[in-house]
*Asks:* 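This is the structure I have questions about; it appears just below.
Indexing begins at 1, ligand by ligand and atom by atom, following the structure's order. These numbers were taken from a predicted model, which means no experiment stands behind them.
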Amino acid sequence: MSEDNILEVHNLKKYFPIRSGIFASTKGVMVKAVDDISFNVKRGETVGLVGETGSGKTTVGRTIIRLYDPTEGQVIFEGIDIASLSEKEMNKVRRRLQMIFQDPYASLDPRLTVEEIVTEPMEIHNLYNTKQERRERAAYILNLLGLNPEHLSRFPHEFSGGQRQRIGLARALAVEPEFIICDEPVSALDVSIQAQIINTFEDLQDEFNLTYLFISHDLAMVKHISDEVIVMYLGKIMEIAPSKEIYDKPLHPYTQALNSAVPIPDPVVEKKRERIILEGDISSNINLPTGCRFNPRCKYTMNICKEKEPQLLEVSAGHKVACYLYNK
Ligand code: SF4
């Protein structure tokens with residue numbers, strides 16, 4: 001493992017058995033939510049993971065943190081393969097590896113006060129000696145997040161969506177993590193609040209030297225916050241590149257289509273731009289297209305695209321793409 005990397009994912013697969021619908025009784029038929037992906041995350045950086053619903057991006061986050069057990073592959077966190085740890089061993093790692101969920105309404109226990117929500121993980125991980133010390137730590141973090149220590153005695157329903165997401169963030173930060181997986185952390189919030197929360201994420205990264213895996217369907221958001229962007233489609237990585245290159249020079253036809261939907265803040269340029277509309281919906285990851293998974297929606301499809309799956313190969317420093325237009 002490279003010293004620069006805090007996380008390395010090698011050949012990760014997560015398949016789910018089908019328990020309902022027409023394939024339910026068909027032995028061996030699986031949903032291939034994540035199908036053999038590899039990537040690294042450097043310490044102190046933000047990697048964005050982007051794709052449509054059904055791309056597998058959320059499953060990647062949940063499998064890394066072991067809410068799901070991987071079907072195959074390695075997840076190396078700070079030199080340890082956490083994919084093979086027991087639940088007890090994994091609990092020790094979870095202090096350093098936290099996850100923030102999409103829905104700030106559902107992710108906080110409505111029966112607990114903010115103090116209980118934020119201090120509970122400290123108790124679980126035996127951090128700080130007394131209740132008073134844990135309370136002071138909770139108040140300190142809330143203050144950093146623009147909330148008041150008086151909020152400690154209140155319940156989640158007394159807060160707005162943006163405030164609840166800050167409380168979720170405070171809970172994650174309470175145990176001094178090094179790596180936070182953020183799963184669509186602002187998509188349930190008003191647009192006016194989203195930018196504030198994203199700025200908070202950026203400020204906290206500097207304050208606590210955090211590393212983020214930032215999962216979102218919104219390429220504009222991901223590009224803004226990320227050093228590097230991974231584009232997923234039907235359980236596979238289509239492209240990995242530094243954020244600026246994804247914006248200036250996207251290579252994969254799928255990334256180009258996502259990119260064309262990102263508004264440019266210059267009305268003259270924006271007016272001249274061609275918007276690429278993808279035909280059809282994302283295919284089923286039960287019955288995957290043969291060859292390139294994107295071929296039913298790609299306007300450049302060649303014969304080989306329907307026969308053989310393209311490999312993710314480096315085409316320039318730090319820029320990888322899985323497409324026969326570049327990998328002949
Ligand atoms: Fe399109 Fe072929 Fe590239 Fe797939 S491999 S994105 S079908 S050109």
Side-chain angles (χ1 to χ4, degrees), residues 9-15 29-40 47-60 71-73 214-223 226 228-264 273-328:
V9 172
H10 298 293
N11 306 105
L12 187 68
K13 294 183 184 177
K14 179 60 194 172
Y15 296 172
V29 177
M30 306 283 250
V31 177
K32 296 183 175 179
V34 177
D35 197 11
D36 197 358
I37 69 163
S38 301
F39 62 91
N40 301 327
V47 169
L49 191 55
V50 72
E52 291 166 281
T53 302
S55 62
K57 58 190 189 308
T58 290
T59 306
V60 172
T71 304
E72 265 181 56
F214 198 91
I215 300 169
S216 177
H217 67 281
D218 183 347
L219 183 58
M221 185 74 71
V222 162
K223 280 192 315 193
S226 305
E228 182 175 63
V229 175
I230 300 173
V231 179
M232 282 190 74
Y233 187 80
L234 272 180
K236 281 276 190 194
I237 294 176
M238 299 288 120
E239 187 163 2
I240 302 181
S243 183
K244 190 167 177 342
E245 280 198 44
I246 286 282
Y247 189 69
D248 292 342
K249 202 177 141 203
L251 297 180
H252 196 283
Y254 179 57
T255 317
Q256 289 171 353
L258 292 180
N259 205 39
S260 79
V262 175
I264 290 178
R273 251 182 5 139
E274 185 202 355
R275 172 93 198 264
I276 303 169
I277 309 288
L278 289 176
E279 300 291 330
D281 294 323
I282 192 165
S283 305
S284 156
N285 43 17
I286 300 171
N287 192 13
L288 291 163
T290 53
C292 172
R293 295 172 186 211
F294 188 59
N295 87 66
R297 299 172 85 187
C298 180
K299 63 180 179 181
Y300 305 106
T301 303
M302 303 166 275
N303 286 340
I304 190 171
C305 304
K306 296 182 180 174
E307 292 161 5
K308 207 171 133 201
E309 190 148 50
Q311 300 299 304
L312 184 70
L313 297 176
E314 192 159 49
V315 288
S316 60
H319 197 154
K320 295 180 181 175
V321 63
C323 175
Y324 288 118
L325 293 172
Y326 312 96
N327 309 332
K328 300 262 168 81

*Asks:* Please classify the Met238 to ligand 1 contact at 4.0 Å (heavy-atom distances, strictly less than): side chain, backbone, both or neither.
*Replies:* neither
*Asks:* Side-chain donor-acceptor pair under 3.5 Å between Tyr254 and Arg293, yes or no?
*Replies:* no
*Asks:* With a cut-off of 4.0 Å, which atoms of ligand 1 are near a heavy atom of His252?
*Replies:* 6 (S)
*Asks:* For atom 2 (Fe) of ligand 1, what's the nearest protein heavy-atom neighbour? Residue, atom name and distance, please.
*Replies:* Cys305 SG, 2.3 Å
*Asks:* Any side-chain to backbone donor/acceptor pair from Tyr326 onto Leu251? Under 3.5 Å, distance only.
*Replies:* yes
*Asks:* If you apply the rule side-chain contact (heavy atoms from CB on, under 4.5 Å), what do you find for Phe39 with Ile237, and how did you get there?
*Replies:* CA-CA 9 Å; Phe39 62 91; Ile237 294 176; 4.1 Å; yes
*Asks:* Please work out, at 4.0 Å between heavy atoms, whether the side chain, the backbone, both, or neither of Cys323 comes within that distance of ligand 1.
*Replies:* both
*Asks:* Numbering the atoms of ligand 1 from 1, which are under 4.0 Å from a heavy atom of Asn295?
*Replies:* 7 (S)
*Asks:* What I'd like to find out is whether the side chain of Val60 reaches to under 4.5 Å of the side chain of Met232, using heavy atoms alone.
*Replies:* yes
*Asks:* Less than 4.0 angstrom from a charged side-chain N to a carboxylate O is my criterion; do Glu72 and Lys32 meet it?
*Replies:* no
*Asks:* I need the nearest protein heavy-atom contact for atom 5 (S) of ligand 1: residue, atom name and distance, please.
*Replies:* Tyr324 N, 3.3 Å
*Asks:* Can you tell me the protein heavy atom closest to atom 4 (Fe) of ligand 1 and the distance?
*Replies:* Cys292 SG, 2.4 Å
*Asks:* Output the list of atoms in ligand 1 that are nearer than 4.0 Å to some heavy atom of Cys298, sorted by atom number.
*Replies:* 1 (Fe), 6 (S), 7 (S), 8 (S)
*Asks:* Can you check whether Ser260's main-chain N or O pairs, donor with acceptor, with Gln256's side chain at less than 3.5 Å?
*Replies:* no
*Asks:* Quick check: His252 with Phe294 (ring centres under 6.0 Å apart)?
*Replies:* yes
*Asks:* Against heavy atoms of Thr301, which atoms of ligand 1 measure under 4.0 Å?
*Replies:* 7 (S)
*Asks:* Which atoms from ligand 1 have a heavy atom of Pro253 less than 4.0 Å away?
*Replies:* 6 (S)
